[in-house]
Enquirer: 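Okay, here's the structure, questions in a sec.
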Number of protein chains: 2
Amino acid sequence: MTVHKPQILDVASELLQKRSFTSFSYKDLSDSLGITKASVHHHFQTKEDLLLALTERYRVRQRTRLGEIDEKNARPVERLDAFLAMMDGLAASGDKICPLGSLQSELNVLPERVRENVDALFETAKDWLVGVLDGGRECGELEFEGSPEDSAVMILSAVQGGLQISRARGRENFLAVSRQIRIAFTNKTKG
Amino acid sequence: MTVHKPQILDVASELLQKRSFTSFSYKDLSDSLGITKASVHHHFQTKEDLLLALTERYRVRQRTRLGEIDEKNARPVERLDAFLAMMDGLAASGDKICPLGSLQSELNVLPERVRENVDALFETAKDWLVGVLDGGRECGELEFEGSPEDSAVMILSAVQGGLQISRARGRENFLAVSRQIRIAFTNKTKG
DNA sequence: GTCTATAGCGGGATAGAC
DNA sequence: GTCTATCCCGCTATAGAC
């Protein structure tokens with residue numbers, strides 16, 4: 001069987017979300033792919049190379065997915081819901097956490113260039129959320145106190161932590177976080 | 001120099017919060033303590049033993065600290081503030097995250113008995129927060145929609161994720177989370 | 001409680017044939 | 001693109017002397 005880079009990244013991504021950067025090995029990859037360690041090294045010489053490629057693919061997919069959310073949902077409140085639904089997909093998986101959360105929790109052991117991609121992932125998510133919140137407040141659909149920046153950081157923190165807690169204690173924990181976010185940012189003056 | 005278990009646990013705790021369970025070694029401990037690896041093994045034969053002792057000490061300290069918060073602060077809103085201030089101490093450290101967050105993000109690679117202690121840590125924190133929120137709602141000092149259980153999970157998620165983001169991107173991120181929590185749960189009908 | 005020494009394994013990584 | 005074979009290192013853990 002012949003294996004290509006995207007397949008290796010698929011397995012690496014799963015291992016990163018289920019375990020952690022430090023705790024998965026070339027042997028884990030090669031076992032799962034049905035090839036040898038040496039073959040994996042042929043595609044990604046070092047673990048840094050592998051993580052660099054993986055985080056760059058995360059960046060591309062992040063842009064794609066946020067773009068799709070914007071395309072399919074015109075209203076800010078729908079965009080926020082779509083974002084939460086996307087993250088709930090991870091909670092529903094049962095044993096995966098947010099890749100960004102996995103990477104950030106091991107930040108001090110990551111190669112520096114990987115860290116830069118991790119930073120960029122967070123920044124992009126934050127900027128997008130700030131846009132959603134800003135737009136929502138402007139059109140009166142979302143209502144919240146404090147700055148959109150603070151609010152975006154709050155939401156991302158809750159989602160990242162919520163997914164970790166959900167894996168440990170069950171999906172209902174992420175659903176609780178989701179409900180609370182919706183409550184906290186949804187217009188209370190209905191009718 | 002003669003070293004005792006608590007000192008080893010101090011170093012282990014620091015390494016757990018700065019790095020991760022998988023990525024610190026007996027050599028890290030022995031270097032930091034000025035003794036050999038074999039000497040560390042004398043105190044904690046296996047890494048599981050070490051983590052077990054560490055998480056049990058976390059449980060004791062958690063009870064102590066939450067108890068102290070209750071002693072020193074009669075009002076629910078003060079208790080919530082004291083809790084957030086305590087967690088901000090980690091954000092202020094610059095390179096430490098919440099131990100519970102570090103452990104939960106590597107949950108799938110932890111020995112099972114350690115996982116039980118991790119569960120207990122979360123449950124205790126949640127129960128305590130539910131009590132604070134319940135009491136605060138009752139006396140009108142805290143005001144929030146949704147169940148106290150959902151709210152407690154939300155707060156713990158935001159704190160855990162917020163500390164990870166803070167380490168990566170700066171303390172102002174945890175302060176933002178802190179502000180937003182205060183806003184979301186504080187009585188808005190002032191005067 | 002500390003040490004030296006070592007076992008035994010698994011990690012990342014490379015060389016070179018097919 | 002895959003393989004076998006191998007290097008070297010660091011890890012967890014143990015034995016036994018002081």
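Excluded from the calculations below are hydrogen atoms, water molecules and symmetry mates; all remaining heavy atoms, backbone and side chain alike, are included. Residue numbering restarts at 1 for every chain, and letters A, B, ... go by the order of the sequence lines.
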Enquirer: Any side-chain N or O of A:Y26 below 4.0 angstrom from OP1/OP2 of C:dA13?
Expert: yes
Enquirer: Applying salt bridge (Lys or Arg N to Asp or Glu O under 4.0 Å), which residue pairs with at least one partner in residues 93-111 of chain B are found, sequence neighbours left out?
Expert: B:K18-B:D95
Enquirer: Nearest to the A:I35 side chain among D:dC3, D:dA13, C:dG1, which nucleotide is it?
Expert: D:dC3
Enquirer: Establish whether the base of C:dG11 is bridged to the side chain of A:K27 by a donor-acceptor pair shorter than 3.5 Å.
Expert: no
Enquirer: Taking salt bridge (charged side-chain N to carboxylate O under 4.0 Å, His left out) as the test, write out the residues that go with A:D127, two or more places apart.
Expert: none
Enquirer: Roughly how many Å is it from NE2 in B:H41 to P in C:dT6, rounded to a whole number?
Expert: 17 Å
Enquirer: Could you name each residue pair satisfying ring pair (Phe, Tyr, Trp, His ring centres under 6.0 Å) that touches residues 98-123 of chain A, not counting sequence neighbours?
Expert: none
Enquirer: Looking at residues 4-13 of chain B, who's got a heavy atom less than 4.0 Å off DNA chain C?
Expert: B:H4
Enquirer: Using a cut-off of under 3.5 Å, enumerate the N/O to N/O pairs linking the protein to nucleotides 15-18 of chain C.
Expert:
none

Enquirer: Not counting sequence neighbours, which residues clear salt bridge (charged side-chain N to carboxylate O under 4.0 Å, His left out) with A:K5? List them please.
Expert: none
Enquirer: Return each pair, listed once, that meets ring pair (Phe, Tyr, Trp, His ring centres under 6.0 Å) where at least one residue sits in residues 64-102 of chain A; pairs must be two or more places apart or across chains.
Expert: A:F83-A:W128
Enquirer: Tell me, please, which residues at least two apart from A:S13 pass side-chain hydrogen bond (donor to acceptor under 3.5 Å, both in side chains).
Expert: A:Q17, A:Y58
Enquirer: Return the value, rounded to whole Å, for the distance between atom CG of A:L33 and atom P of D:dC3.
Expert: 10 Å
Enquirer: Answer yes or no: does a side-chain N or O of B:T36 lie under 4.0 Å from OP1 or OP2 of C:dC3?
Expert: yes
Enquirer: Kindly give the heavy-atom pair with the smallest separation between A:R167 and A:G94, and that separation in Å.
Expert: CG-O, 3.7 Å
Enquirer: Just how far, in rounded Å, is P of C:dG10 from CG of A:D28?
Expert: 12 Å
Enquirer: By salt bridge (charged side-chain N to carboxylate O under 4.0 Å, His left out), which residues pair with A:R65, not counting sequence neighbours?
Expert: none
Enquirer: Could you tell me whether the phosphate oxygens of C:dC3, OP1 or OP2, come under 4.0 Å of any side-chain nitrogen or oxygen in B:S39?
Expert: yes
Enquirer: For DNA chain C, what residues of residues 42-55 of chain B have any heavy atom nearer than 4.0 Å?
Expert: B:H42, B:H43
Enquirer: The criterion is ring-ring contact (aromatic ring centres under 6.0 Å, His included); which residues satisfy it with A:H41, sequence neighbours excluded?
Expert: A:Y26
Enquirer: Atom CG of A:L29 to atom P of C:dG10: distance rounded to whole Å?
Expert: 17 Å
Enquirer: Answer yes if the side chains of A:S105 and B:S105 hold a donor-acceptor pair under 3.5 Å, and no otherwise.
Expert: yes
Enquirer: Rounded to whole Å, please give me the gap between CE in B:M1 and P in C:dG1.
Expert: 12 Å
Enquirer: My understanding is that only residues two or more places apart in sequence, or in another chain, count here; which of them pass side chain to side chain contact (heavy atoms under 4.5 Å, CB included) with A:S151?
Expert: A:L133, A:F144, A:F185, B:Q180
